[in-house]
Amino acid sequence: MRALRTVAVACLALGALTACSSSGSGSSTDAKPGTGNGASQSAPAAGKGGAKLAPKEALLASAAVMDKAGSAKLVVKGGDSDGTADYVWKAPASFLLEMQEDGKPVKVLFVGDQMYIGATEDMAALAPGKKWMSLSTKDSSGEAGVEAGTFAAMMQLMNPSVQLAAAAPTATLVGTETVGGQSATHYRSEIKVDDQIAKMNLDPALKAQVQAELQKKGSTSTVDLWINDKNELVQQSSADPEAAAGAAPEVISYTELGAVKATAAPAAGEVFSLSDLMQQ
């Protein structure tokens, strides 16, 4: 069903498939390149009175800041789709994505172990009065459970504190650039898929499934990260290895750190299940 394919599009649009990339890197069209690279160089650290932090320490410091923030508004550009998301990675976690697919609005919501896809016009015709179709990670018997479980994994992979911690050991300094009107230090890292998977809080069977899927396209991924002088992650980017040559990389910007509130699950009366739809 097309609704299920929306999940894969959503994950890709938000850069959640960073770990699938075996090579390549991206940069923001708003970034003004600086100079210099290499793990031996250091960058300014916020609140350090001009002290320097090596790339690994800078990313770990940012991971701590982002973990404390717990939420952000994400703005996604590049790739096949643009969109925005309200992402809360601290309990109670939630992820609300709004994007355009084929010129039509698409909504995807994840709360707890439940995933909801905003009802399309076709769905609404089959389920009058309903606004969301639900999929559960606990339903592992069919495609719906696999899709929901995969989205759960991708949501955890997008947790910026997890990304930064996994990227820290191999981080190198690219330079200082302007991103979103503010100065930011640009780092690049080769992240091991195993390191990312190890930090995910998933059922062992699902974790093994996700690990096997991600490793089909390589054991490492390249990610670019931009951190401001407050140790906040303001942007990350990765190249899609399956994109056409010259295609723009997916770029995720982080704003409104700590100010985004968790999205509540829809009311029961607004929800129908995939099995309900299949019976029509």
Side-chain angles (χ1 to χ4, degrees), residues 7 10-11 13-19 59-76 83-99 107-118 131-140 144-168 191 194-211 214 223 225 227 230-234 236 252-268 270-271:
V7 179
C11 291
L14 284 168
L17 297 182
T18 293
L59 265 64
L60 290 176
S62 183
V65 169
M66 297 302 286
D67 184 60
K68 183 177 181 180
S71 69
K73 171 79 74 175
L74 277 56
V75 179
V76 186
T84 61
D86 288 348
Y87 182 24
V88 179
W89 52 89
K90 273 196 171 183
S94 67
F95 184 89
L96 174 62
L97 165 70
E98 298 184 63
M99 56 183 285
K107 283 188 177 183
V108 178
L109 170 64
F110 204 97
V111 180
D113 60 7
Q114 202 76 25
M115 175 181 174
Y116 304 89
I117 299 177
K131 298 180 180 180
W132 298 91
M133 181 178 74
S134 65
L135 303 175
S136 175
T137 60
K138 294 181 179 178
D139 178 15
S140 58
V146 173
E147 294 282 1
T150 299
F151 195 86
M154 294 304 103
M155 189 175 77
Q156 289 195 34
L157 280 174
M158 287 193 331
N159 183 326
S161 59
V162 171
Q163 284 273 27
L164 287 158
I191 305 178
D194 287 347
D195 290 346
Q196 286 185 307
I197 298 298
K199 297 179 183 298
M200 295 167 60
N201 182 24
L202 294 174
D203 175 87
L206 179 57
K207 182 178 289 189
Q209 172 190 328
V210 172
Q211 185 172 27
L214 294 180
V223 61
L225 304 155
I227 299 172
K230 297 178 182 179
N231 289 336
E232 299 168 339
L233 178 66
V234 294
Q236 71 164 292
I252 306 174
S253 300
Y254 294 82
T255 63
E256 301 180 32
L257 297 185
V260 176
K261 304 302 181 183
T263 303
E270 298 179 338
V271 177

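The figures that follow rest on heavy atoms only: side chains count, while hydrogens, waters and symmetry mates do not.
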TODO: Provide the closest heavy-atom pair for Leu225 versus Gln236 in the form atom of the first, atom of the second, distance.
DONE: CD2-CB, 3.7 Å
- [ ] Could you tell me which non-hydrogen atom of Thr263 sits nearest to which non-hydrogen atom of Ser94, and how far apart they are?
- [x] N-OG, 2.8 Å
Task: Heavy-atom pair with the smallest gap, counting every atom of Ser161 and Asn159 - done: OG-OD1, 2.6 Å
Cut-off 3.5 Å, no hydrogens considered: what does the side-chain donor-acceptor table look like for residues 61-73, sequence neighbours left out?
{"residue": "Ser62", "atom": "OG", "partner": "Asn231", "partner atom": "O", "Å": "2.9"}
{"residue": "Ser71", "atom": "OG", "partner": "Val260", "partner atom": "N", "Å": "3.3"}
{"residue": "Ser71", "atom": "OG", "partner": "Val260", "partner atom": "O", "Å": "2.9"}
{"residue": "Lys73", "atom": "NZ", "partner": "Asp86", "partner atom": "OD1", "Å": "2.6"}

Open item on the list: If you compare all heavy atoms of Pro160 against all heavy atoms of Tyr87, which two are closest, and at what distance to 0.1 Å?
Closed with: CD-CE2, 4.2 Å
TODO: Any chance you could measure Leu74, atom CG, to Glu98, atom CD, to the nearest 0.5 Å?
DONE: 12.5 Å
Task: Shortest non-hydrogen contact from Leu109 toward Trp132 - done: CB-CZ3, 3.8 Å
Task: By salt bridge (Lys or Arg N to Asp or Glu O under 4.0 Å) - contacts of Glu256 (at least two apart) - done: none
Open item on the list: Nearest 0.5 Å, please: how far is OH in Tyr116 from CD in Glu270?
Closed with: 10.5 Å
Open item on the list: On a heavy-atom basis, which atom in Ala167 and which in Val223 lie closest, and how many Å separate them?
Closed with: CB-CG1, 4.3 Å
